[in-house]
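Everything numeric here is computed off the predicted structure, so don't read it as measured data. Each ligand, and each atom within it, is numbered from 1 in the order the structure gives.
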Amino acid sequence: MTDFTYAVDAEGVATITWDVAEKSMNVMNQPGFELLDSLIDKGLANEGVKGIIITSGKKDFAGGMDLNVIAQMKAAGGDNPAKSVFEATMAMHGILRKIERAGMDPKTLKGGKPIVAALPGTALGIGFEIPLACHRIIAADNPKAKIGLPEIMVGIFPGAGGTTRLVRKMGAMMAAPFLLEGKLSAPKAAKAAGLIDEVVAPEDLLTRAKEWVLGAKDADLVKPWDAKGYKMPGGAPYHPAGFMTFVGASAMVLGKTMGVYPAAKALLAAVYEGALVPFDTALKIEARWFTNVLMNPSSSAMIRSLFINKEALEKGAVRPALPDQKVAKVGVIGAGMMGAGIAYVSANAGIEVVLVDAKQEAADKGKAYSEGLLDKGIARKKVTAEKKAEVLGRITATTDYAALAGCDLIVEAVFEDMAIKAEVTAKVEAVVGPDCIFATNTSTLPISDLAKASARPDQFIGIHFFSPVDKMLLVEIIRGKATGDRAVAKALDFVRQIRKTPIVVNDARFFYANRCIIPYINEGIRMVAEGVEPVLVENAAKLVGMPLGPLQLVDETSIDLGVKIAKATRLAMGDAYPDGAVDAVLFAMADQGRLGKKSNSGFYSYDDAGKRQGLWDGLASAYPVAEDQPELTLVQHRLLMAQVLEAVRALEEGVLMDIREGDVGAILGWGFAPWSGGPLSWLDMIGAARAVEICDGLSAEFGARFAAPALLREMAEKGESFYGRFAPVQKAA
Ligand code: NAD
């Protein structure tokens with residue numbers, strides 16, 4: 001175990017260097033903590049040591065805790081996992097508190113040894129909580145480095161003293177964005193915000209750290225909260241100013257999270273209760289709330305989907321084992337909304353782009369989209385003028401297919417029309433080399449049918465982006481019947497280059513994401529037609545953690561698109577088409593020109609500037625509200641099950657090949673209640689038996705669309721869970 005090394009120089013300054021073997025980023029685990037503890041003991045016990053520098057042997061300081069440790073902490077507790085988690089958390093507090101006190105006399109606050117954190121780069125989570133316990137934090141001026149506490153993003157909160165220390169250091173109000181939103185800052189911004197003490201040139205980092213250690217006085221080692229007369233900046237909760245902060249923060253957190261994220265509430269409780277008591281008691285309170293959150297199934301599910309499995313998919317967990325297929329030159333055909341976005345993300349990732357449209361004007365407009373985004377970046381100081389020139393220089397906007405020669409990947413994003421796409425496929429294949437992979441961005445047409453236009457169907461694949469391309473994190477890769485492994489590897493390597501998260505699914509109507517989201521929208525519309533209060537529909541969705549209610553969502557994606565999809569689906573399904581009641585509403589809206597946000601009118605009303613005002617009052621006269629309104633839970637079950645059952649069917653039919661993709665794809669693709677860890681995680685949370693019971697109730701009342709899939713029924717009978725039964729076999733990347 002060599003995660004940390006220890007050396008003392010001639011002047012008596014000890015350096016503890018964090019450098020985890022065979023990893024590009026340091027992460028903390030249980031043995032790592034024990035080693036750090038022993039090295040701190042060693043430094044403090046050695047009379048010849050004047051002080052300690054904690055730094056890293058890598059370009060960054062640390063990425064955080066190895067989140068697998070949490071599962072290990074629970075498992076170590078056997079029948080009483082909470083006890084084990086609490087004790088392990090208190091042990092971490094003990095080590096960090098030892099660093100903070102550094103051997104000083106607790107009464108006189110004298111005689112401690114200075115301990116400084118010297119951060120060469122990124123310092124996240126526990127990688128910032130350790131520095132927070134040190135007496136000074138010095139960071140190298142590395143604009144790419146990120147410093148902060150992002151724990152809340154995966155459903156937990158900083159539980160190694162980060163919460164308590166940051167609030168005591170800067171006050172609850174100032175600490176709020178860093179704790180509640182996981183805001184990360186580059187070193188200079190971190191210094192300006194008061195997160196760290198100093199920023200120095202990278203080459204001076206260790207010299208400056210040593211200089212500080214050698215010059216530190218007793219008073220420099222005493223944290224404000226350990227000094228007499230400490231008052232929390234901005235006021236503790238019982239102070240009038242502090243009172244305002246806490247009331248406001250509670251309202252804001254509940255408004256933003258709708259109460260479904262246990263970590264945000266627990267964090268606030270830890271801060272509030274901790275502010276009323278001495279520091280060491282506050283740490284204990286923090287540990288209790290941290291344990292409480294870790295014992296909540298939501299946190300495990302969020303960590304599993306949003307951290308462990310998301311990363312596994314990004315690193316190629318489902319990639320065929322083939323040589324590197326990195327893209328050098330991509331041809332994007334169709335410079336409309338999607339094509340323009342795809343060109344931008346590709347060029348931004350360093351890939352040469354040929355952007356082809358039928359008219360030069362359209363191609364230029366597509367390229368101008370990148371320029372607009374880069375200009376916005378410049379205005380926000382995120383992009384430099386050189387970077388803008390570089391990115392734009394990579395995009396050739398043209399009508400000339402011959403310019404596609406030399407492309408190793410094509411992404412087609414022309415009109416959603418089989419004949420046009422077939423024509424484009426043939427034209428492209430006439431100019432590109434024999435190894436070029438052809439991808440279509442279609443959202444509704446079967447890949448296997450489109451591949452018929454290709455002379456090389458094994459090199460034909462779906463790469464389905466979501467709109468807006470530059471913001472949406474998920475990319476769905478669709479294997480047609482004839483798609484070969486190299487096309488899959490190419491698509492995955494491309495998605496990795498543009499730093500998005502991929503899922504790979506088989507070819508079936510609407511693939512995966514749209515297959516689940518369309519029934520959600522339809523269920524919402526159906527309820528309006530039945531006389532359910534539209535406000536109840538929208539709020540029920542939000543209260544269960546959906547980012548947008550179904551009516552707002554269809555307004556955003558546009559009602560005429562809904563009409564188009566409904567017509568095509570009806571044509572394909574014939575008598576089996578189940579959504580007549582939905583279409584009546586949708587078509588009536590479209591007939592009145594209420595096309596959603598883009599026409600400034602839809603299920604919602606909008607002002608002239610396009611700002612959403614509230615639900616359209618005409619809805620009430622068109623679809624009178626019934627006197628008896630359903631229970632909130634019933635509305636929520638309908639909205640959730642509409643999506644979740646499609647995810648189960650997709651798995652049952654082999655469209656989804658890996659449950660991790662089902663959950664990660666749902667959260668990143670359409671924002672499925674992130675607190676749940678995804679639709680399959682949610683089913684595991686409530687249990688297959690309870691899910692079947694809900695389905696039986698819903699299908700008896702509302703129809704066969706809610707019938708429990710055979711797979712779910714079988715799992716209920718056998719007492720199985722999705723992650724128990726379908727736990728993926730870990731494949732090497
Ligand atoms: P769009 O209408 O904005 O853009 C299509 C572009 O293709 C236009 O600029 C058009 O001039 C160009 N074009 C048409 N025929 C061409 C040809 N023969 N050669 C070259 N260029 C041609 O459409 P969009 O919204 O960008 O959608 C494009 C594709 O992406 C469709 O297949 C659509 O289903 C799919 N898609 C759309 C979304 C979405 O949210 N809009 C999401 C995912 C996938």
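- Residue Tyr401 has at least one nitrogen or oxygen atom sitting less than 3.5 Å from a nitrogen or oxygen atom of ligand 1, judged on distance alone.
- Nearest to atom 44 (C) of ligand 1 by heavy-atom distance, out of Asn441, Asp417, Leu450, is Asn441.
- Taking only nitrogen or oxygen atoms, main chain and side chain alike, Phe465 does not reach within less than 3.5 Å of ligand 1.
- Within ligand 1, the atoms closer than 4.0 Å to a non-hydrogen atom of Val424 are 17 (C), 18 (N), numbered from 1 in the order shown.
- For atom 40 (O) of ligand 1, the nearest non-hydrogen atom of the protein is Ser467 CB, 3.4 Å.
- Of the listed options Gly339, Pro468, Ala413, Gly341, Ala413 places a heavy atom closest to atom 28 (C) of ligand 1.
- To the nearest 0.5 Å, the span separating CG on Asn600 from OH on Tyr606 amounts to 8.0 Å.
- For residues 335-389, no residue pair satisfies the ring pair (Phe, Tyr, Trp, His ring centres under 6.0 Å) rule, not counting sequence neighbours.
- Using modelled atom types and a 3.5 Å distance limit, the side chains of Thr398 and Thr396 yield no donor-acceptor pair.
- Relative to atom 34 (O) of ligand 1, the option among Ala340, Ala335, Ser443 with the closest non-hydrogen atom is Ser443.
- The single protein non-hydrogen atom nearest to atom 20 (C) of ligand 1 is Ala358 N, 3.3 Å, given as residue, atom name and distance.
- Annotation: cation-pi pair Arg612/Tyr604 present, NZ/CZ under 6.0 Å from the ring centroid and within 45° of its normal.
- Looking at atom 37 (C) of ligand 1, its nearest protein heavy atom turns out to be Met338 CG, 3.4 Å.
- Residues Glu371 and Lys365 are not paired through a salt bridge, judged by the lack of any N-O separation under 4.0 Å between the basic side chain and the carboxylate.
- Proximity of Thr440 to ligand 1, defined as any heavy-atom pair under 4.0 Å, is not found for any part of the residue.
- Near Lys421, the atoms of ligand 1 lying under 4.0 angstrom from a non-hydrogen atom of the residue are 31 (C), 32 (O).
- A cation-pi arrangement is present between Arg304 and Tyr723 under the rule of less than 6.0 angstrom and at most 45 degrees off the ring axis.
- Between the side chain of Glu416 and the main chain of Ser443, a donor-acceptor pair closer than 3.5 Å is present.
- The shortest contact between atom 9 (O) of ligand 1 and any protein heavy atom is with Asp357 OD2, 2.7 Å.
- For Trp670 and Tyr512, the distance between ring centers is under 6.0 angstrom.
- Across Lys359, His464, Met337, heavy-atom proximity to atom 41 (N) of ligand 1 is greatest for Met337.
- At a distance under 4.0 Å, no protein heavy atom can be found next to atom 23 (O) of ligand 1.
- No cation-pi contact links Arg456 to Phe438, judged by a cut-off of 6.0 Å to the six-membered ring centre and 45° from its axis.
- Judged purely by atom type and a 3.5 angstrom limit, Gln459 uses its side chain to pair as donor or acceptor with the backbone of Pro434.
- Of all protein heavy atoms, the one closest to atom 2 (O) of ligand 1 is Phe415 CE2, 3.4 Å.
- The protein heavy atom nearest to atom 32 (O) of ligand 1 is Glu416 OE1, 2.5 Å.
- Look at Lys365 and you'll find every heavy atom at least 4.0 Å from all atoms of ligand 1.
- Taking any N or O of Thr442, backbone or side chain, none lies under 3.5 Å from an N or O belonging to ligand 1.
- For atom 6 (C) of ligand 1, the nearest non-hydrogen atom of the protein is Gly336 N, 3.7 Å.
- If you check each of Val414, Asn514, Ile565 against atom 7 (O) of ligand 1, the one with the closest non-hydrogen atom is Val414.
- Ring pair Phe465/Phe494 is perpendicular by interplanar angle, where above 60° counts as perpendicular and below 30° as parallel.
- Applying the salt bridge (charged side-chain N to carboxylate O under 4.0 Å, His left out) rule to pairs touching residues 566-582 yields Arg526-Asp579, Arg570-Asp583, sequence neighbours excluded.
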